[in-house]
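All values reported here derive from a predicted model rather than from experimental measurement.
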Amino acid sequence: MEKKNLDWENMGFSYIQTDKRYVANYKDGKWDDGALIDDPNIVMNECAGVLQYAQTVFEGMKAYTTEDGHIVTFRPDLNASRMVDSAKRLEMPPFPEDRFVDAVAQVVKANAAYVPPYGSGATLYIRPYMFGINPVIGVKPADEYQFRIFATPVGPYFKGGAKPITICVSDFDRAAPHGTGHIKAGLNYAMSLHAIVTAHANGFDENMYLDSATRTKVEETGGANFIFVTKDNKVVTPHSNTILPSITRRSIMYVAEHYLGLEVEERDVYFDEVKDFAECGLCGTAAVISPVGKIVNHGEEICFPSGMEKMGPVTQKLYDTLTGIQMGHIEAPEGWIKVIE
Ligand code: PLP
Ligand code: COI
């Protein structure tokens with residue numbers, strides 16, 4: 001199959017329309033068979049539940065070209081089950097997990113010409129999502145839903161790729177205790193837009209959100225979880241019921257312990273102790289592992305010993321091992337890699 005003529009090496013993280021997308025509709029209490037379609041546009045009623053009350057959840061995952069030329073996805077079963085959790089929290093009918101995994105494969109296969117070549121630094125980003133589509137004017141869940149998946153080739157989420165970024169502690173909160181911070185709902189991202197525009201205007205790449213109950217503990221950023229490395233090489237990640245359970249973070253913690261023999265801890269991380277860590281990184285599907293060089297809290301700077309030029313040594317090992325597994329040159333744990341073709 002011939003690849004599209006795209007500038008794979010210089011891609012940003014932005015939308016490029018691809019050929020095929022998947023759509024399934026939920027009506028009268030059941031999902032229809034679903035199909036691949038060509039039209040990237042959606043026509044819906046002006047009063048659709050998603051438009052009025054933001055009843056929408058989504059996922060983010062990637063397809064990779066491996067060193068030996070296969071196209072693979074990474075732990076799609078975990079995206080499928082997280083989307084079920086998200087849907088339930090917003091009173092939406094879950095899309096069956098086996099059908100989710102199969103639909104992802106269909107979309108990747110149908111857009112194989114857009115899967116960036118091995119070694120280009122780009123990947124195919126896959127966006128499953130679902131939303132309430134029938135008219136809803138009283139505040140209640142919709143009765144009809146659409147589940148869709150599109151794919152778009154992307155480069156690094158942060159300009160500069162693996163160069164350390166500078167983030168600030170946000171004055172805004174991301175998620176309330178007992179709220180929706182642990183699911184992937186569009187509403188969590190809508191509320192972060194003002195915070196990220198403010199951070200960018202102040203010269204920062206991202207926000208660090210603290211827990212909104214006490215504002216003493218590290219939560220996550222708008223689109224990634226945190227990992228920290230202690231001066232004695234322990235990998236630490238915040239535990240919280242109000243952050244998204246990142247699949248990348250769960251994989252990194254496994255890799256740290258079982259591939260690299262490092263000690264790992266998932267626990268409360270107080271902002272006061274952040275200055276004592278040796279390395280800091282953001283992890284997620286889009287972020288992969290993006291090193292953080294500096295954190296600014298109202299003018300007070302925390303500069304990690306790993307500096308602003310390159311990743312710290314432990315972060316680099318984690319990055320190499322994780323991406324090595326995704327790109328097929330390090331053997332993956334059972335079930336992590338799904339070969340598409
Ligand atoms: N946290 C937030 C708020 C996110 O949007 C994402 C991206 O999906 C993550 C964390 C990372 O999750 P994952 O590694 O499953 O992509
Ligand atoms: C992802 O990593 O898939 C996300 O959804 C994060 C988003 C900020 C792009």
Side-chain angles (χ1 to χ4, degrees), residues 13 18-24 31 33-36 56-88 92-116 118 122-131 145-154 157 182-185 223-225 244-255 283-289 321-341:
F13 196 90
T18 52
D19 293 342
K20 299 280 182 189
R21 64 274 305 122
Y22 179 88
V23 56
W31 289 103
D33 287 345
L36 289 175
T56 178
V57 298
F58 70 101
E59 271 304 319
M61 52 206 296
K62 283 175 171 172
Y64 310 84
T65 304
T66 59
E67 201 169 13
D68 60 1
H70 289 294
I71 297 175
V72 303
T73 55
F74 183 69
R75 311 190 78 178
D77 51 315
L78 298 188
N79 294 93
S81 74
R82 191 169 64 187
M83 196 159 184
V84 168
D85 295 340
S86 298
K88 284 182 178 164
M92 306 166 88
F95 193 70
E97 293 177 44
D98 53 339
R99 289 193 57 193
F100 176 108
V101 172
D102 176 62
V104 166
Q106 287 187 44
V107 170
V108 173
K109 221 173 189 167
N111 295 299
Y114 292 91
V115 183
Y118 175 77
T123 49
L124 187 76
Y125 186 71
I126 304 160
R127 174 54 63 87
Y129 59 114
M130 58 185 277
F131 49 92
Y145 294 87
Q146 197 160 92
F147 171 86
R148 284 187 168 245
I149 306 175
F150 69 81
T152 182
V154 295
Y157 191 66
H182 61 298
I183 60 158
K184 213 159 163 59
N225 283 178
L244 192 76
S246 159
I247 294 161
T248 314
R249 182 252 296 164
R250 286 181 261 164
S251 306
I252 288 169
M253 298 306 271
Y254 183 91
V255 158
C283 63
T285 298
V288 192
I289 303 180
T321 313
L322 178 72
T323 56
I325 289 170
Q326 291 166 334
M327 303 290 172
H329 48 84
I330 295 179
E331 193 172 336
E334 178 86 29
W336 280 25
I337 298 293
K338 181 172 162 62
V339 178
I340 305 289
E341 66 175 40

Requested in this report: Go through the steps to decide whether Lys184 and Leu244 satisfy the test side chain to side chain contact (heavy atoms under 4.5 Å, CB included), and finish with yes or no.
Outcome: CA-CA 7 Å; Lys184 213 159 163 59; Leu244 192 76; 3.8 Å; yes
**Report entry** Non-neighbouring partners of Phe74 that pass ring-ring contact (aromatic ring centres under 6.0 Å, His included), sequence neighbours left out
**Finding:** Trp336
Query - Residue pair Arg75 / Ser251: nearest heavy atoms and the distance that separates them - result: NH1-OG, 2.9 Å
Query raised in the report: When rounded to the nearest 0.5 angstrom, what is the spacing between CD1 in Ile330 and OG1 in Thr323?
Result: 7.0 Å
Report task. Could you tell me the separation between the SG atom of Cys283 and the CD1 atom of Ile247, rounded to the nearest 0.5 Å? Result -> 11.5 Å
Query raised in the report: Is there a donor-acceptor contact under 3.5 Å from the side chain of Arg21 to the main chain of Arg148?
Result: no
Query raised in the report: Looking at Gly335 and Asp77, what are the two nearest heavy atoms and their distance?
Result: O-OD1, 4.4 Å
Return all side-chain donor-acceptor pairs below 3.5 angstrom for residues 97-105, not counting sequence neighbours, or 'none' if the list is empty.
unit_1: Arg99; atom_1: NH1; unit_2: Asp32; atom_2: O; d: 3.1
unit_1: Arg99; atom_1: NH2; unit_2: Tyr22; atom_2: OH; d: 3.0
unit_1: Arg99; atom_1: NH2; unit_2: Asp32; atom_2: O; d: 2.9
unit_1: Arg99; atom_1: NH2; unit_2: Asp33; atom_2: O; d: 2.9
unit_1: Asp102; atom_1: OD2; unit_2: Gln106; atom_2: NE2; d: 3.0

Report task. Identify the two heavy atoms, one from Leu124 and one from Pro153, that lie closest to each other, and give their separation to 0.1 Å. Result -> CD1-N, 3.7 Å
Report summary line: dist Tyr129:OH -> Phe95:CZ (nearest 0.5 Å) comes out at 13.0 Å
Tell me which donor-acceptor pairs under 3.5 Å the side chains of residues 64-73 have, and how far apart each pair is, sequence neighbours excluded?
unit_1: Tyr64; atom_1: OH; unit_2: Gln326; atom_2: NE2; d: 3.3
unit_1: Thr65; atom_1: OG1; unit_2: Pro116; atom_2: O; d: 2.7
unit_1: Thr66; atom_1: OG1; unit_2: Asp68; atom_2: OD1; d: 2.6
unit_1: Thr66; atom_1: OG1; unit_2: His70; atom_2: N; d: 3.0
unit_1: Thr66; atom_1: OG1; unit_2: His70; atom_2: O; d: 3.3
unit_1: His70; atom_1: ND1; unit_2: Glu341; atom_2: O; d: 3.2

Requested in this report: Check whether any side-chain heavy atom of Thr248 lies under 4.5 Å from a side-chain heavy atom of Val288, and answer yes or no.
Outcome: no
Query raised in the report: Which atom pair, heavy atoms only, marks the closest approach of Ala151 to Asn111?
Result: CB-ND2, 4.4 Å
Query raised in the report: So do the side chains of Val255 and Pro333 get within less than 4.5 Å of each other, counting heavy atoms only?
Result: no
**Report entry** Reported CG-to-CZ distance for the pair Asn79 and Phe58, which is rounded to 0.5 angstrom
**Finding:** 11.5 Å
Report task. Return the minimal non-hydrogen interatomic distance between Ala224 and Ala287, and the atom names on each side. Result -> CB-CB, 4.1 Å
Query - Test side-chain contact (heavy atoms from CB on, under 4.5 Å) applied to Ala110 - qualifying residues, sequence neighbours left out - result: Lys20, Leu36
Query raised in the report: Rounded to the nearest 0.5 Å, how far does NZ of Lys62 lie from OG1 of Thr285?
Result: 7.0 Å
Query - Pairs involving residues 78-88, ordered by first then second residue, that meet salt bridge (charged side-chain N to carboxylate O under 4.0 Å, His left out) (sequence neighbours left out) - result: Glu59-Arg82
Report task. Hey, could you give me the CE/CZ distance between Met130 and Phe147, rounded to the nearest 0.5 Å? Result -> 8.0 Å
Requested in this report: Please identify each residue that fulfils salt bridge (charged side-chain N to carboxylate O under 4.0 Å, His left out) with Arg249, with sequence neighbours left out.
Outcome: Glu266
Requested in this report: Provide the closest heavy-atom pair for Ala87 versus Pro94 in the form atom of the first, atom of the second, distance.
Outcome: CB-CA, 4.1 Å
